[in-house]
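One structure below.
What you see is a predicted model, and the numbers here were worked out from it, not measured in a lab.
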Amino acid sequence: MLVAAVCCVLALTAGRGQRNAGHARVVLGVIAIIFLPCLAWLDRTLADVVVYPILLAVVLVGARRFAVLVNSMARRTLTLAVISGCGAGVLYFFVVNSKGYATVLTPEQAMTGLQHLDTLFHASIANMLVNSGHLSTGLDGFMPIKYHVLSHIWLGCIGLWLGVTTLESYYLAAQIIAIPLLLFSLITAGLLLRRSAKGLSDSALATLVPLLLLMVADLWGASSYLVSESYFLSLLLFLLAMPLLAEIADERSPLGSPLIALTIAGALVLFAKISVGVIFWGAVGFLLWRRLGLTPLNFIKVAAPIAALVGLAGVIGSPDSGTYIYALRPLSFVRQYPRAALPNVAANLVLLYGAARLWLAGSLSEKRLAEAFALFAMGSLVPALLLDIAGGSAFYFANVGTFVCIAFLTAYGAPMLETRKLWALRPAVILLALVVVTLATNEKRRSPIELTRQFQELRARAHLLAGRRDVVPLPALRAMAALFAPGGSLRGEIGDDVRHTPGAQSIETLLSLSEGQKHHVAVFVAPDDRSFWTNNVDCRGDSFFVPAILGVAMLKGLPPPAFKCARDIYYTTSLYAEDAISEVADDPKLCARASRFGLNTILVLSAPGEGRRLSCPVANP
């Protein structure tokens, strides 16, 4: 899918003189390719019949364009590109997996209770959506919640299409499709934002400059865009659509197809991440108004549909503002999270300055575009600097402007330096700077060590839960070698340990009881099943264990009071009533509760290897 999306861009942007002309078809083509697997939500066989021929056809067409580009490249440049691409792949593999969210160790970490709660939480939502059609976490039936759901639907459908669990699709789709496509979209945005006569003439620079700027931003700041599924999906769509703004700003360009593509992309951005969507539509709305003429009637024409779209997204997917926004408290983000805040604030100020310079010296269309960039910066800065948003989530406002700034500098700043033929703006020099900045970034430099540490932790935890003796920690190099040797004896030992953990045994018992059935099924875990309610290192994760892995809802799935597990709003556990806590209940009571949600089969788990199937009478309509 990633290859098809890249080939789509290559094929539809053939001819450098057409960079801005017809970008709508690029946007619509890539969106169609990305979301083709969602056909699996209707029928997996249908998805296979439709998706594979389309992807193959796009790849074949794009391969011809790719061959032309390769033949036109010097052998030295091609070799440098291949080495750089492989190096970037290895680097991001370690960085993403070392963060401990959805990683290559996720299946084993979930069974042993080490999986980060965020991943279990989001996989539960995805499973409830694609398996049962309910927006819920599934901790007690299908109690509804509000959340931006596009990334959950997308990742859940990819899991259905590939025939893997949703937990597995969370790291497979993120690392193989979404994150590479995010970086590609960033490069494409900087390359296609201006016409070829004005943009970077060296394609190597067009690739390396935005990556270097991104690495510089990461040097002091956070890189949550690598682990937040809703954010990286919304951001890649945002960047993919950015070149359309140049068409909207130019009166010589027709509005029809760019507006259609912008509307579709903007709606998807909004439903993927509310914060990114609001910033997107604020600037795009003003740009459209500016293009049509700053009259009250035109304002209504532009604002009314945007307000309706944003309102619909808010009703469906925006949690209560009191949940995440504590108060109007200026600079709280900067004070609490300076390393995450300051680089993004600086990038937005640079974007404002660059937009002002472009507005003063540019043509009418460039002035309009500069105003849109200024609004992107202000839309990112104002919420981040004025509001106290829980858990550092102001990052997802401020960081949007950082990515826009990188695309802007690539399109408008780097070409000015290129024309001066400075030695520092040569591909080899930029590549060397990339290596230096990477090695200077603590998170990136230590990522192999951190991933190896997680592997060691998994090994020790699996041994402990399997009831075996303590393990002796391995030397770092040997542990790393074992991590990358799936057929090795050590990986085999860990796999055997995982199969004997209470978590794996519980899942095996539930699978045998369900007989492959997922619809109208719920799981009730007895309150005295201590091995289940203490399986996760973070006790809040025990409730998400079944919804995230099996994809079926719990019934009375909150931990019993005896385990003193805190409930909070971030993972929706505090939204559930007190009767959602696991307690002793007879069959009629369980069936009565299940009937509220249209469930007629209950898998009752009383111990890791012990359970029964309870069939409830179907209520008469």
Judged by modelled atom types alone, do [X] and [Y] share a side-chain donor-acceptor pair under 3.5 Å?
X: Asn97; Y: Gln175; result: yes
X: Ser151; Y: Lys273; result: no
X: Tyr571; Y: Asp118; result: yes
X: Asn127; Y: Thr166; result: yes
X: Thr137; Y: Tyr576; result: yes
X: Gln517; Y: Arg613; result: yes
X: Gln115; Y: Thr106; result: yes

Would you confirm whether [X], through its side chain, and [Y], through its main-chain N or O, come within 3.5 Å as a donor-acceptor pair?
X: Arg499; Y: Ala504; result: no
X: Ser582; Y: Val525; result: yes
X: Glu108; Y: Leu458; result: no
X: Ser228; Y: Ser224; result: no
X: Asn600; Y: Cys616; result: no
X: His148; Y: Val269; result: no
X: Ser136; Y: Met143; result: yes

To the nearest 0.5 Å, tell me how far [X] [atom1] sits from [Y] [atom2].
X: Asp538; Y: Asn536; atom1: CG; atom2: CG; answer: 6.0 Å
X: Leu603; Y: Ser514; atom1: CG; atom2: OG; answer: 6.0 Å
X: Met111; Y: Phe545; atom1: CE; atom2: CZ; answer: 5.0 Å
X: Trp154; Y: Cys38; atom1: CH2; atom2: SG; answer: 9.0 Å
X: Leu237; Y: Ile34; atom1: CG; atom2: CD1; answer: 5.5 Å
X: Leu599; Y: Phe524; atom1: CG; atom2: CZ; answer: 14.5 Å

Set of ring-ring contact (aromatic ring centres under 6.0 Å, His included) partners for Trp161, sequence neighbours left out: Tyr52
ring-ring contact (aromatic ring centres under 6.0 Å, His included) involving Phe232 - partner list, sequence neighbours excluded: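 Expected list: none.
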Would you check if [X] and [Y] make a side-chain contact, meaning some heavy-atom pair closer than 4.5 Å?
X: Leu183; Y: Tyr92; result: yes
X: Val6; Y: Phe184; result: yes
X: Val523; Y: Ile602; result: no
X: Trp533; Y: Leu558; result: no

Test side chain to side chain donor-acceptor pair (under 3.5 Å) applied to Ser447 and Lys99, step by step: CA-CA 8 Å; Ser447 58; Lys99 285 180 170 291; over 6 Å; no
Short N-O contact, Arg593 and Asp140, less than 4.0 angstrom: yes
Asp587 with Arg612: basic N within carboxylate O range, under 4.0 Å: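 Here Asp587 pairs with Arg612 in a salt bridge, since their nearest N and O are under 4.0 Å apart.
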Crowding at CZ, Phe66 (>12 non-hydrogen neighbours, <6.0 Å):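 Open.
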Listed partners of Cys539 passing disulfide bond (SG atoms under 2.5 Å apart), at least two apart: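 Partners of Cys539 under the disulfide bond (SG atoms under 2.5 Å apart) test: Cys565.
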Test log, rule ring pair (Phe, Tyr, Trp, His ring centres under 6.0 Å), inputs His116 and Tyr101: CA-CA 5 Å; His116 196 288; Tyr101 287 78; 4.1 Å; yes
Plane angle bin for Phe121 and Phe544 - parallel if under 30°, tilted between 30 and 60°, otherwise perpendicular: perpendicular
